[in-house]
2 protein chains.
Amino acid sequence: MSTSTDKAPHGSAATASAAAATAAPTASTPEGGLGAGDTVGEVTDGIERFLCSKVAEQIHFLTSRARGRGISHANHQLEGLDLKVRQFSVLSLAASGQNPSQREMGEFLALDPSQIVALVDNLEQRGAVLRETDPRDRRSKIIVATDAGRDLHARALQILEDSEDYTLSTLSPRERKQLRSLLLKIAF
Amino acid sequence: MSTSTDKAPHGSAATASAAAATAAPTASTPEGGLGAGDTVGEVTDGIERFLCSKVAEQIHFLTSRARGRGISHANHQLEGLDLKVRQFSVLSLAASGQNPSQREMGEFLALDPSQIVALVDNLEQRGAVLRETDPRDRRSKIIVATDAGRDLHARALQILEDSEDYTLSTLSPRERKQLRSLLLKIAF
DNA sequence: TATTGTTATACTCTATAACTATA
DNA sequence: TATAGTTATAGAGTATAACAATA
């Protein structure tokens, strides 16, 4: 299911490729004369041949590709709940029991306060969260999940865990734990 | 923690959860420990308290945040070359010696063909790459870097490696290698 | 004066569809 | 008919600035 339709930030990551090889529509010519001339010979078929490029080593290319694939799949799986990972992240904080203000949500999620407004508006309209004015600072609004919101959060979480299991299917349990740990170190 | 200027897709990171159920609008749970909590109801200070939320465990949240931070920093560092990581990725393939067609670039970078057009247009206009019609399939265009393009690529690469060194500063050389390896496994 | 939430705006990125020129 | 590239367009996502209410 996933693949094909996904479009990630930048990176790329070859997927199959087999097809490309056979297709052979193009194959690379020895090089027709302009610039680099002789360039590196080879030029094998399939896009995995670009793994030798410098961009393929870049951590931001790899994270973009991994994120693009993962989020694309997750969003698709969440369609049944009419939810996206973006909204889930806000709902998750609202259901955390930590009584976050919108500003805190924005800081933790690395989203602009104006983006939080729109996301909370959406969740509030469908009855998943409530805005409560903080009695200690009436400028601030505490976002809390309703019963329906907590139920929605629980169902979304199950779907997201299944999605993640799919996305990380090539990794062992130990590797998954390592990856999470490493990403956590550089995410904050 | 980093935070501040970066704006990432969504994410946040964390583990456990706990409290949610009890959570009262304001204040709430006594809970033990936690240092900071002076104020009225628990809810300790600092956004790291949200690390207990479910979203903080999600791999796509972690990759989003890590990517957002990394790309934000990299793009800022590349400003002097009037280049962005997006353009660099295309330039890198053009300079790889693999003579990629635009379609292949799009497939490898997980970008729509129409996006490749705009990126190649930009690089072509500044003389960094050339479009060469593939003699074996006149529909296809091979993108190759010019001498100036290769020079630009080399300078950008140096900047990006420095940027990555900054982004991954909290990881040991071994951890960096692990991270790259793990991301490669799930990116393709 | 400074901060929280809000609105408005613009720009980037992403996703589709249609068109051309080749095949 | 099918494919590579191109153009156009609409929608998300991201980034700023300004304003009202509150501190």
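Below, chain A is the first sequence line, B the second, and so on; all start at residue 1. Being a predicted model, the structure only gives us computed values, none of them experimental.
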**Q.** Paired stretches of DNA chain C - 3 or more consecutive Watson-Crick or G-U pairs, each distance under 3.5 Å
**A.**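 Ordered by first number, the stems with DNA chain C (at least 3 consecutive pairs each) read C:1-23 with D:1-23.
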Taking the minimum atom-to-atom distance to the side chain of [X], which one of [options] wins?
X	options	value
R86(B)	dT4(C), dT14(D), dT14(C)	dT14(C)
P113(B)	dT14(C), dG5(C), dT6(D)	dT6(D)
R131(A)	dT4(C), dT6(C), dT6(D)	dT6(C)
K84(B)	dT6(D), dG5(C), dC13(C)	dC13(C)

Q.
Which residues pass the side-chain hydrogen bond (donor to acceptor under 3.5 Å, both in side chains) test with S92(A), not counting sequence neighbours?
A.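 side-chain hydrogen bond (donor to acceptor under 3.5 Å, both in side chains) list for S92(A), sorted by chain: H153(A).
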For [X], side-chain contact (heavy atoms from CB on, under 4.5 Å) partners two or more places apart:
X	result
K141(A)	R131(A)
E57(A)	K54(A)
A156(A)	L78(A), L81(A), L83(A), F88(A)
Q125(B)	D121(B)

Could you state the atom-to-atom distance from [atom1] of [X] to [atom2] of [N] in whole Å?
X	N	atom1	atom2	result
E132(A)	dG5(C)	CD	P	13 Å
E107(A)	dG5(C)	CD	C1'	15 Å
D121(B)	dA8(D)	CG	P	12 Å
L78(A)	dA12(D)	CG	C1'	16 Å
L119(B)	dG5(D)	CG	C1'	14 Å
K141(A)	dA23(D)	NZ	C1'	15 Å

Q | Contacts of D162(A) that satisfy salt bridge (charged side-chain N to carboxylate O under 4.0 Å, His left out) - sequence neighbours left out | A |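 Partners of D162(A) by the salt bridge (charged side-chain N to carboxylate O under 4.0 Å, His left out) criterion come out as none, since no residue qualifies.
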Q) Among all residues two or more places apart in sequence or in another chain, which pass the salt bridge (charged side-chain N to carboxylate O under 4.0 Å, His left out) test with K185(A)? A)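 K185(A) satisfies salt bridge (charged side-chain N to carboxylate O under 4.0 Å, His left out) with E175(B) only.
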Q) For the side chain of R176(A) and the backbone of L171(A), is there at least one donor-acceptor N/O pair under 3.5 Å apart? A)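 Yes: the side chain of R176(A) pairs with the backbone of L171(A).
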**Q.** Backbone of V55(A) reached by a side-chain donor or acceptor of Q58(A) within 3.5 Å
**A.**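 Checking the backbone N and O of V55(A) against the side chain of Q58(A), no donor-acceptor pair under 3.5 Å is found.
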Q: Report yes if a side-chain nitrogen or oxygen of Q115(A) is closer than 4.0 Å to either non-bridging phosphate oxygen (OP1 or OP2) of dT14(D); otherwise report no.
A: yes
**Q.** Contact state string [nucleotides 17-23 of chain C, B base, S sugar-phosphate only, - no protein heavy atom under 4.0 Å]
**A.** ----BBS
